[in-house]
**Q** 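Submitted below is the structure of interest, expressed as structure tokens.
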Amino acid sequence: MLLIMQATKDQQASLTQIKKRSDFLKIQSKGRKWVSHGLIVQTAPNEDDIKRIGYTVSKRVDKSAVKRNRIKRRLRAVAADVLPTGAMNGQDYILVGRPASATRSYETLCEDLRWCLRKMGLEAKTP
RNA sequence: UCAGAAGAUUGGACGGCCGCUUGCGCUCUAUAUUUAUAUGGGGUGUGAGAGGAAAGUCCGGGCUUCAUGGAAAGACGGUGCCGGGCAACCCCCGGGCGGCGCGAGUCGAUGGACAGUGCAACAGAAAGUAUACCGCCGAUGGCUGUUUCUCUCGAGAAAGCAGCACAGGUAAGGAUGAAAGGGUGCGGUAAGAGCGCACCGCGUCUUUGGUAACAAAGAUGGCACGGUAAACCCCGCCGGAAGCAAGACCAAAUAGGAACCGCAUAUGGGCAUUUUCCGGCUCGUGGUUCGGGUUGGUCGCUAGAGCAGCUCAGUAAUGAGCCGCGCAGAUGAAUGGUCGUCGCUUCUUCGGAAGUACAAAACCCGGCUUAUAGAUUUUCUGAUAUU
RNA sequence: UGGGGUAUAGCCAAGCGGUAAGGCACCGGGUUUUGAUCUCGGUAUCCCUGGUUCGAAUCCAGGUACCCCAG
């Protein structure tokens with residue numbers, strides 16, 4: 001158990017964040033999208049052999065800044081648990097929040113993300 | 001006990017696992033060299049890490065830039081009872097006046113309507129220098145008739161009565177309306193009327209109390225002076241504009257341009273907005289076409305009109321003094337994710353179940369406004385019961 | 001983050017203190033054998049809550065929703 005945690009932490013270092021608005025727009029227009037109850041995943045391949053990740057929670061999801069921040073933090077926790085071991089390298093991932101992201105239980109939210117990745121054929125085989 | 005009024009405080013607690021930002025210490029590593037420091041990247045230990053409204057962005061300041069200092073007037077915008085507080089304020093405290101409430105209290109953009117202009121639909125006789133109309137009266141004058149008297153029997157004169165509504169008097173009444181040019185009562189009159197009187201209201205003057213707003217008392221006038229300024233406006237006071245994505249620095253890259261035309265060439269032009277005056281700075285300027293650039297980092301960035309306690313002054317807002325504290329600084333944006341136990345509230349079939357507010361810093365302060373589950377607490381008012 | 005704007009019937013909208021115009025759509029009646037056309041009528045919490053005023057869609061204050069601009 002402890003070894004797995006250690007590996008996870010090393011993998012998380014390879015996750016870099018998408019920060020520029022132009023990158024978000026490029027991925028949204030050229031990439032692929034899969035929708036689940038808890039969240040939406042948008043992906044596009046990149047040149048380097050790393051995983052990049054971004055989060056989008058717009059004002060349309062919820063008016064309250066408190067609830068939007070909570071959704072964003074939950075997505076960040078889910079991504080930190082699932083993506084390092086469960087997704088392929090060389091891809092950009094954007095997680096888009098939905099109203100249900102705040103109320104859905106943590107386990108089902110993780111399952112939603114894995115289901116989206118599996119449907120798009122980007123699931124990495126866990127060793 | 002019930003029903004209220006005005007404040008004040010607080011805004012769940014503990015633990016396991018996994019994380020984030022940042023200050024400091026230790027340590028590893030890369031680069032630069034003045035071989036011990038600087039900068040960058042990691043590891044580890046330890047400390048700190050959302051609010052009463054952080055919100056709305058409605059006011060007032062600090063700070064920064066606009067090269068730029070002062071004075072006057074105008075425009076535009078804001079503000080408006082009096083006194084005090086504050087760095088300042090559309091803020092706060094106390095008081096006056098008016099509305100509401102049995103009361104504790106509460107609400108009020110609360111200067112000026114003899115500086116001027118405007119507005120009041122519909123209804124109503126009339127909506128503002130009141131009186132045209134209906135109505136009432138017709139005392140007085142006029143006309144007509146009648147009675148009495150005189151008489152030259154034609155008529156005349158005087159007084160009384162009746163009528164007409166011609167001159168005129170009047171504003172009590174006239175269904176309205178938010179508002180009708182003082183109100184109620186008595187007298188008075190031809191009918192009436194502040195025409196007279198009493199009380200109330202209003203204006204003016206004086207005195208007293210109060211720093212003042214204003215209040216009270218007395219005298220006097222005889223009603224003259226209606227409403228609306230969150231209509232224009234007048235008067236007093238205040239205000240240059242834009243905002244930390246302000247702005248400063250570093251690195252990289254690019255450019256320090258070209259052509260044509262017009263004006264001006266220093267007694268001139270420009271320097272934010274309307275004009276003028278004084279002072280200061282700067283030197284070519286305007287248009288069209290072609291060409292080039294529009295990234296990253298650091299600082300600004302948190303010690304400030306700061307917070308807590310005590311004493312003194314003050315009705316209070318607040319001020320003064322003493323003592324203590326060190327308290328977020330992110331930038332696709334940290335301050336958490338998840339699991340468990342316990343509080344609190346409601347429901348309960350007594351096993352439990354559901355809920356646990358509003359709302360998250362973004363340069364920083366002082367206010368205002370709006371949202372807010374619940375909990376604790378102080379003072380006061382009214383009603384009922386008991387003593 | 002800062003700056004600015006709009007809200008009137010299902011839709012497009014006029015109105016600037018005194019009865020909420022108009023068009024399209026919808027509903028009902030008439031005309032027609034029936035339908036279209038035509039014709040008559042109906043349909044409004046003036047975004048919400050207070051205030052000023054005799055009276056507010058309009059003036060003032062606070063709030064809500066939506067939209068635009070700078071970068």
Side-chain angles (χ1 to χ4, degrees):
Chain A
M1 189 67 189
L2 204 75
L3 284 172
I4 294 170
M5 287 296 180
Q6 194 63 37
T8 305
K9 201 175 283 184
D10 285 349
Q11 295 267 9
Q12 275 177 12
S14 69
L15 283 174
T16 54
Q17 238 182 332
I18 305 167
K19 292 190 177 180
K20 293 174 78 170
R21 178 162 172 78
S22 56
D23 288 344
F24 276 85
L25 293 175
K26 199 190 304 173
I27 293 163
Q28 273 174 21
S29 61
K30 297 188 175 176
R32 294 189 295 154
K33 182 170 92 168
W34 205 270
V35 180
S36 69
H37 286 288
L39 48 84
I40 302 170
V41 183
Q42 297 173 323
T43 65
N46 59 14
E47 287 80 10
D48 306 324
D49 191 34
I50 56 169
K51 284 175 255 192
R52 297 199 303 164
I53 182 157
Y55 309 93
T56 298
V57 184
S58 76
K59 228 173 193 175
R60 196 178 296 174
V61 175
D62 201 305
K63 297 290 180 196
S64 164
V66 173
K67 288 172 185 162
R68 285 204 308 276
N69 282 347
R70 178 172 160 79
I71 290 169
K72 209 186 295 178
R73 284 195 302 262
R74 297 193 81 191
L75 290 180
R76 198 174 288 139
V78 166
D81 269 2
V82 173
L83 285 183
T85 54
M88 290 170 65
N89 283 344
Q91 292 280 338
D92 289 341
Y93 299 91
I94 296 176
L95 304 186
V96 180
R98 310 191 72 191
S101 307
T103 53
R104 224 165 158 76
S105 82
Y106 188 72
E107 284 304 314
T108 43
L109 208 57
C110 288
E111 274 308 307
D112 282 342
L113 178 55
R114 289 204 190 87
W115 181 75
C116 287
L117 294 173
R118 192 160 57 243
K119 284 291 181 185
M120 287 192 284
L122 295 170
E123 194 181 26
K125 291 169 179 64
T126 42

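So you know, we letter chains A, B, ... as the sequences are listed, proteins then strands, and number each from 1. Just so it is clear, the model here is predicted, and its values are computed rather than measured.
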**Q** In whole angstrom, give me the gap between the P atoms of B/rU331 and B/rC363.
**A** 14 Å
**Q** Would you tell me if any nitrogen or oxygen in the side chain of A/R70 comes within less than 4.0 Å of OP1 or OP2 on B/rG337?
**A** yes
**Q** Work out how far the P atom of C/rC68 is from that of C/rU43, and round it to whole angstrom.
**A** 37 Å
**Q** Taking the side chain of A/A77 as heavy atoms from C-beta outward, which of B/rG337, B/rG332, B/rA361 is closest to it?
**A** B/rG337
**Q** Who pairs with A/K72 by side-chain contact (heavy atoms from CB on, under 4.5 Å), at least two apart in sequence or on another chain?
**A** A/Y55, A/V57, A/N69, A/R76
**Q** Taking for each residue the nucleotide of RNA chain B with the nearest heavy atom, is it A/R104 or A/N69 whose nucleotide lies nearer the 5' end?
**A** A/R104
**Q** With rounding to the closest Å, how many angstrom separate the P atoms on B/rA55 and B/rA212?
**A** 47 Å
**Q** Taking the C1' atom of each, how far is B/rA32 from B/rU338, in whole Å?
**A** 47 Å
**Q** If we call it a pair only when both distances are under 3.5 Å in a Watson-Crick or G-U wobble match, what pairs with B/rA216?
**A** B/rU207
**Q** Using side-chain hydrogen bond (donor to acceptor under 3.5 Å, both in side chains) as the criterion, list what pairs up with A/R114, not counting sequence neighbours.
**A** A/E111
**Q** So what's B/rA120 paired with, Watson-Crick or G-U wobble, going by both distances under 3.5 Å?
**A** none
**Q** Take the protein atom CG of A/L75 and the nucleotide atom P of B/rG336, then report the distance between them rounded to whole Å.
**A** 17 Å
**Q** Can you measure from CG (A/L117) to CG (A/D112) and round to the nearest 0.5 angstrom?
**A** 11.0 Å
**Q** Give, ordered by number, those residues of residues 110-117 of chain A having at least one heavy-atom distance below 4.0 Å to an atom of RNA chain B; if nothing qualifies, reply none.
**A** none
**Q** If anything within 90° of 0 is syn and all else is anti, what is B/rG52?
**A** syn
**Q** Side-chain heavy atoms nearer than 4.5 Å, only ILVMFWY residues, links allowed to pass through others: does that put A/L75 and A/Y106 together?
**A** yes
**Q** Rounded to whole angstrom units, what separation is found between the CZ atom of A/R68 and the P atom of B/rA334?
**A** 12 Å
**Q** Can you check the A/I71 CD1 to B/rG332 C1' distance for me, whole Å?
**A** 16 Å
**Q** For B/rG203 and B/rA71, measure between their P atoms and round to the nearest Å.
**A** 45 Å
**Q** From NZ of A/K67 over to C1' of B/rG337, roughly how many Å is that when rounded to an integer?
**A** 19 Å
**Q** Give me syn or anti for B/rA155, where syn covers glycosidic angles within 90 degrees of 0.
**A** anti
**Q** Could you tell me the Watson-Crick or G-U partner of B/rG247, where both distances fall under 3.5 Å? Say none if there is no partner.
**A** B/rC299
**Q** I'd like to know if the side chain of A/R74 reaches the main chain of A/R104, judged simply by a donor and an acceptor atom lying under 3.5 Å from each other, with no hydrogens or angles considered.
**A** yes
**Q** May I ask which nucleotide in the shown strands pairs with B/rC76, Watson-Crick or G-U wobble, both distances under 3.5 Å?
**A** B/rG239
**Q** Taking the chi torsion of B/rU341, is it syn (within 90° of 0) or anti (everything else)?
**A** anti
**Q** How far does the P atom of B/rG332 sit from the matching atom of B/rC299, given to the nearest Å?
**A** 15 Å
**Q** With RNA chain B as reference, determine whether A/V57 or A/S105 sits nearer its 5' end, using the nearest nucleotide of each.
**A** A/V57
**Q** B/rU285 and B/rA88: how far apart are their P atoms, nearest whole angstrom?
**A** 46 Å
**Q** Atom NZ of A/K72 and atom C1' of B/rC20: how far apart are they, to the nearest Å?
**A** 14 Å
**Q** By the rule that syn is within 90° of 0, classify the base conformation of B/rG351 as syn or anti.
**A** syn
**Q** When the distance from OH of A/Y55 to C1' of B/rA334 is rounded to whole Å, what number comes out?
**A** 13 Å
**Q** Suppose we define a pair by two distances each less than 3.5 Å, Watson-Crick or G-U wobble; what does C/rA65 pair with here?
**A** C/rU6
**Q** Using both distances under 3.5 Å as the test, list the Watson-Crick or G-U wobble partner of B/rG284, or none.
**A** B/rC263
**Q** Using Watson-Crick or G-U wobble geometry with both distances below 3.5 Å, tell me the partner of B/rC14, or none.
**A** B/rG340
**Q** Is there a side-chain contact between A/L113 and A/L109, using heavy atoms and a 4.5 Å cut-off?
**A** no
**Q** Would one find a side-chain N or O of A/R76 under 4.0 angstrom from OP1 or OP2 of B/rA333?
**A** yes
**Q** Please classify B/rG257 as syn or anti, treating any glycosidic angle within 90° of 0 as syn.
**A** anti
**Q** Take atom P in B/rU295 and the same atom in C/rC67, then report the distance between them in whole Å.
**A** 28 Å
**Q** A/S101 versus A/R98: any side-chain heavy-atom pair under 4.5 Å?
**A** yes
**Q** Quick one: CG on A/L95 to OG1 on A/T43, what's the gap to the nearest 0.5 Å?
**A** 10.5 Å
**Q** Write down the partner of B/rC363 under the Watson-Crick or G-U wobble criteria, each distance required to be under 3.5 Å.
**A** B/rG62
**Q** Does a nitrogen or oxygen in the side chain of A/R73 sit under 4.0 Å from OP1 or OP2 of B/rG337?
**A** yes
**Q** What is the distance from atom CH2 of A/W115 to atom CG of A/L39, rounded to the nearest 0.5 Å?
**A** 10.5 Å
**Q** Should A/T56 and A/Q42 be marked as a side chain to side chain contact (heavy atoms under 4.5 Å, CB included) after you check the CA-CA gap, both sets of side-chain angles, and the distance that decides it?
**A** CA-CA 10 Å; A/T56 298; A/Q42 297 173 323; 5.7 Å; no
